[in-house]
Amino acid sequence: MEINATLAVQWIEKTNEKIQENKEYLTSLDRPIGDGDHGLNMSRGFKEALEKVKAGNYPTPADVFKDVAMTLVSKVGGASGPLFGTAFLKMSVATAGQQVLNESAFVKGLEAALDGIKQRGKATTGEKTMVDVWEPVVEWLQDNGFEPEGLLAEAEGAMNATKNLTATKGRAAYFKEKSVGHIDAGAASSYYVFAALAEVLGGK
Amino acid sequence: MEINATLAVQWIEKTNEKIQENKEYLTSLDRPIGDGDHGLNMSRGFKEALEKVKAGNYPTPADVFKDVAMTLVSKVGGASGPLFGTAFLKMSVATAGQQVLNESAFVKGLEAALDGIKQRGKATTGEKTMVDVWEPVVEWLQDNGFEPEGLLAEAEGAMNATKNLTATKGRAAYFKEKSVGHIDAGAASSYYVFAALAEVLGGK
Amino acid sequence: MKKIINDPNEAVQDMLEGLVMAYPQKLQRLAETTVVMRKNVPVTGKVGLISGGGSGHEPAHAGYVGKGMLDAAVAGEVFTSPTPDQVLEAIKAVDSGNGVFLVIKNYTGDVMNFEMAAELAEAEGIQVEKVIVNDDVAVEDSSFTTGRRGIAGTVFVHKIAGAKAEEGAELSEVKRVAEKVVANVRSMGMALTPCIVPASGKPSFQLDENEMEIGIGIHGEPGIERKRIGTAMEIAHELTEKILKDREFSGDVAVMINGLGATPEMELYILNKNVQKILSEKGIHVYKTYVGEYMTSLEMAGCSLTLLQLDEELKSLLDAAADTIAFRQ
Amino acid sequence: MKKIINDPNEAVQDMLEGLVMAYPQKLQRLAETTVVMRKNVPVTGKVGLISGGGSGHEPAHAGYVGKGMLDAAVAGEVFTSPTPDQVLEAIKAVDSGNGVFLVIKNYTGDVMNFEMAAELAEAEGIQVEKVIVNDDVAVEDSSFTTGRRGIAGTVFVHKIAGAKAEEGAELSEVKRVAEKVVANVRSMGMALTPCIVPASGKPSFQLDENEMEIGIGIHGEPGIERKRIGTAMEIAHELTEKILKDREFSGDVAVMINGLGATPEMELYILNKNVQKILSEKGIHVYKTYVGEYMTSLEMAGCSLTLLQLDEELKSLLDAAADTIAFRQ
Ligand SMILES: Nc1ncnc2c1ncn2[C@@H]1O[C@H](COP(=O)(O)OP(=O)(O)O)[C@@H](O)[C@H]1O
Ligand SMILES: Nc1ncnc2c1ncn2[C@@H]1O[C@H](COP(=O)(O)OP(=O)(O)O)[C@@H](O)[C@H]1O
Ligand SMILES: [Mg+2]
Ligand SMILES: [Mg+2]
Ligand SMILES: [Mg+2]
Ligand SMILES: [Mg+2]
């Protein structure tokens, strides 16, 4: 399984599709323990990112990731903008110059993205943030390689597991124990990112 | 019928009694076409005025009226404070130096009071203000002399007649035609002033 | 009633105390009165300038006490005129022998109480002059009516008469420029929600969830029209047109977009954008703009627009320095 | 939703336009951004000072742009951090070669977006330093939490770091005094009513008719306790005690009584009276007091109390001249 610029664009396309379909749902997750804008933020950002990369003609996936990163950074806003922006930016830097990414090169890119998110957000696992999806999924990929169905299941499980966590980072942290019982919004949108990857890789 | 300082104090006592009894009612008249404070204003002012004059030892009615005037002016506030204050002040000036007021001297005092109110308020009859009680009552006294029951009836009729007027002075004027159908609050409190006078004169 | 107060009957006293405690280097109270004054009154050689009225319009009027504006402000109970004895004390305190000028908003109670105070002061040998501000075009004006209310335009009278007095002008000159402002200033307000007088605890009027009232007074006196709430642009049009229909404006004007209490600054600036657009389309040049809370009505949501026609004299007086809590330039 | 706006999605743009239209002699926009700047940026030889954050806190932050305080303010959507590209443009515009200092309120979004902008600016060769303001004692603070929010105390950082920068101090010195303010400033807020974000049209939370919430954030983030509304004295006690329990204050302090939007000035002054009384009983000397709307939350009713421990350096920087729309002395 190899990823070229076209597939990278397809990944963004699929991600956007899922985000738009679940815009209301994402916002509803952000309402009880946040400020109720996550769906709006993500839908605005990915729509613009897709428009940007669809219009371009990219030699490498890294170039796609860079434009996605810059668009997300300037269009999403809030906390998730710099987080997803940083993720794609680090992915771009880690995979720079390579026309086609093999499995190990792409996973290295995802590792860099995860590190970027953790650094930017000063968060670690267990804090009820998107890190709680990114870290287990990246680790699972390191151990198991690209297996679409396994990837999807891992991402979904990680997302659902945020429900029982108490938030200690982001807006949800102000709700302290009351944050328990709600899936984290950024974990859910991260799940869509990986679900889209699984579909693209699975050839759907 | 003659009025000395003791009777003047009794007049204030009786007026205060009626004002306190009808405090809520006066305020309720001021609510739909005013700011709903007339009962409060009058009750505060006459309570203080009575305390003041009961404590004093006055040689003339004019001295009583002067203290009443100054107390009303500084305690009633709003529009009615300077109006009733001016009335008693002018009454005091017009009757100054006389230990006992005979009918004609007292009516002269009331005429001065009426003029004072009209000047202070720049109002004339038909504008739905206290003038619409003061003017007919003073005229009736000029024509008929002190006859308690007639006085009472005249004052009551004048007060009720303000109901059909459109206000063109005071706060009620902002309600324009909508002021029709409500008795003017200051007309009602003026009625109590004259009703008290009728009772005091009638020996009740 | 949701208010940060102790005893509602002590609200005005508590406020005045908290105010001078906040700015002890600038303001002082006149003992046992509701008068707030500059620290150094009477100012030698200067006409004393006094304004006041019911409380609940903060920062009016104590916020305008200071160099270049008022010498003293007399506070009444909420929405109730101060009594003549209070005003008299203020007059006596600020008179330096050059006379005292009273800025009165046109409400029956205010006019009568201030006029009585003026008479009492004159009886004590103090020269007193006054101006009655009636900038609110929502109300019909004739000698057979109560006349127009005084609203936010009053602040321009404080500013300009204050600048004139600060120059050392004599009483008649202060009166002349104050009357000039009154002749040249027009305002129009609108409300989205009522306010609650602490002592009553109940809203002064009712507006439906999608209603606004155009032309409302700063104590909740009824306006011209109650209608469906419009956009900022529609509101700007409505207020501007009512004012321009009443009086022609041309050349240089000063604009005040005044918040009534609960309306966020964001909305005032949005309204300002629309007002400025309309004025510029009409060829009226805005010389100076003031956006903020200048004459409020407790926690009422809404705003007023004030236009002041300027000439060279008014411009230079408007530009003069002022150093008060609420107006400093 | 009762608001004087046009399209809710254009509210911030409309506001910024209306703001610079009101004060064209003092402020300008940076074309195609949400940045509001002084007229003469970059100021030669001066460290550039920038703050910003979500809109809805007016006059913060554009109201603090001007001599003695900020060089630029970056506005995000209502209650949403501005994005790094906007902040970057501001940094580039105000840098005179002496570096740029960022004042950031401690919210995840603000911190991340401003930090990213700083990295981008550094990549372009501009020296950038920052301070993160976290004065709100309502929130627990540790390295395992999001940490304390930045609220009204931020205005003191603008004032004091601004005065230092205006003196011509270098970047590290501006950072030092800013950090000194952050170390010495504490705030605590309370709300009586929620506010409504224009784009959502719905109140951000609910409070019963006789409830207040102590420790609430300026975006409606939950506080410490929801309870029956108390008197001004009880509220003063509660806010003061929470602050004094967190940190000792002694000698000279500055006090800020900040209105959240809908609370009338009258109530702020009443609260001030009670706060001053408590402080004086505790032997804490109030050097300077600020009462008004400095850091709002749209039309939320409520207030916050801020105490700043002063030393000689902070006193002289606090006293220095400032000439901005919302803070002038
Ligand atoms: N410090 C952090 N580290 C990692 N992720 C975070 C952090 N803070 C917030 N997030 C993620 O961002 C999401 C919220 O995004 P969004 O609602 O768009 O931004 P905001 O909270 O500024 O409104 C959260 O659900 C969480 O997953
Ligand atoms: N210009 C005026 N001339 C005569 N009476 C007046 C005038 N204005 C108001 N009044 C009287 O005063 C009464 C209102 O008094 P009050 O409610 O105490 O004062 P305010 O209107 O200031 O609240 C009115 O009902 C009316 O009778
Ligand atoms: Mg959110
Ligand atoms: Mg947000
Ligand atoms: Mg009344
Ligand atoms: Mg009244």
Side-chain angles (χ1 to χ4, degrees), chain C residues 2-7 11-12 14-19 21-23 55-56 58-59 63 78 190 192-193 195 198 207 209-210 212 229 231-233 235 255 257 261-274 276 286 289-293 296 298-299 301-303 325-326 328-329, chain D residues 2-7 11-12 14-19 21-23 55-56 58-59 63 78 190 192-193 195 198 207 209-210 212 229 231-233 235 255 257 261-274 276 286 289-293 296 298-299 301-303 325-326 328-329:
Chain C
K2 292 195 138 184
K3 288 187 187 286
I4 305 171
I5 53 172
N6 296 306
D7 179 352
V12 171
D14 281 359
M15 166 183 74
L16 295 174
E17 224 173 304
L19 173 70
M21 276 175 154
Y23 306 105
S55 294
E58 292 67 31
V78 175
M190 59 84 59
L192 292 170
T193 68
C195 61
L207 274 174
E209 181 46 37
N210 52 15
M212 62 177 179
I229 176 168
T231 63
M233 193 53 176
I235 294 167
V255 172
I257 309 279
T263 287
E265 248 181 47
M266 174 180 284
E267 297 173 36
L268 300 180
Y269 282 117
I270 293 174
L271 185 71
N272 183 50
K273 176 189 154 173
N274 293 296
Q276 304 267 345
V286 177
T289 307
Y290 297 88
V291 179
E293 294 186 349
T296 63
L298 294 171
E299 71 278 73
C303 65
I325 305 309
R328 197 187 316 232
Q329 66 178 20
Chain D
K2 292 196 137 182
K3 287 186 187 289
I4 304 171
I5 52 172
N6 296 305
D7 179 353
V12 172
D14 281 359
M15 165 183 73
L16 294 174
E17 223 173 303
L19 173 70
M21 277 175 154
Y23 306 105
S55 293
E58 291 68 30
V78 175
M190 60 82 60
L192 292 170
T193 69
C195 61
L207 274 175
E209 182 45 39
N210 52 14
M212 63 177 181
I229 177 169
T231 63
M233 193 54 176
I235 293 167
V255 172
I257 308 280
T263 288
E265 247 180 48
M266 174 181 284
E267 297 174 36
L268 300 180
Y269 282 116
I270 293 174
L271 185 71
N272 182 51
K273 175 189 155 174
N274 292 296
Q276 304 267 346
V286 177
T289 306
Y290 298 89
V291 178
E293 295 187 349
T296 62
L298 294 170
E299 71 279 72
C303 65
I325 304 310
R328 197 186 318 230
Q329 66 177 21

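Values below: all heavy atoms of this structure, side chains included; hydrogens, waters and symmetry mates excluded. This is a predicted model, so every value here is computed, not measured.
In this structure, the side chain to side chain donor-acceptor pair (under 3.5 Å) partners of C:Lys3, at least two apart in sequence or on a different chain, are C:Glu299. Partners of D:Tyr290 by ring pair (Phe, Tyr, Trp, His ring centres under 6.0 Å), not counting sequence neighbours, listed by chain and number: D:Phe156, D:Phe327.
Of the inter-residue distances, the one linking C:Lys273 atom NZ with D:Glu17 atom CD reads 4.0 Å to the nearest 0.5 angstrom. To the nearest 0.5 Å, the span separating CG on C:Leu19 from OG1 on D:Thr289 amounts to 11.0 Å.
Side-chain contact between C:Leu268 and D:Glu58 is absent, with no heavy-atom pair separated by less than 4.5 Å. With contacts defined as side-chain heavy-atom distances shorter than 4.5 Å, the pair D:Glu267/C:Met15 does not qualify. With a 4.5 Å cut-off on side-chain heavy atoms, D:Glu265 and C:Thr296 do not count as touching. Side-chain atoms of D:Tyr23 and C:Val291, non-hydrogen and from C-beta on, do get closer than 4.5 Å to each other. Looking only at side-chain heavy atoms (C-beta outward), D:Ile4 and C:Cys303 come within less than 4.5 Å of each other.
Contacts of D:Ile229 with chain C are made by side-chain atoms alone, with heavy-atom separations under 4.5 Å and no backbone atom involved. For D:Gln329, the parts sitting under 4.5 Å from any heavy atom of chain C are the backbone and the side chain alike. The contact between D:Ile325 and chain C is made entirely by side chain atoms (from C-beta outward), counting heavy-atom distances below 4.5 Å. Both the backbone and the side chain of D:Glu209 come within less than 4.5 Å of a heavy atom of chain C.
Closest of all the heavy-atom pairs between C:Gly56 and D:Met266 is N-CE, 3.7 Å. Residues D:Asn6 and C:Met233 come closest through the heavy atom pair OD1-N, 2.9 Å.
Interface summary for chain C: among D:Pro198, D:Ala11, D:Ala301, the most heavy-atom pairs under 4.5 angstrom belong to D:Ala11.
Between C:Lys2 and the options D:Asn210, D:Thr263, D:Leu192, a side-chain contact (heavy atoms from CB on, under 4.5 Å) holds for only D:Leu192.
Formation of a donor-acceptor pair under 3.5 Å by the D:Asp14 side chain with backbone atoms of C:Ile270 is not found in this model.
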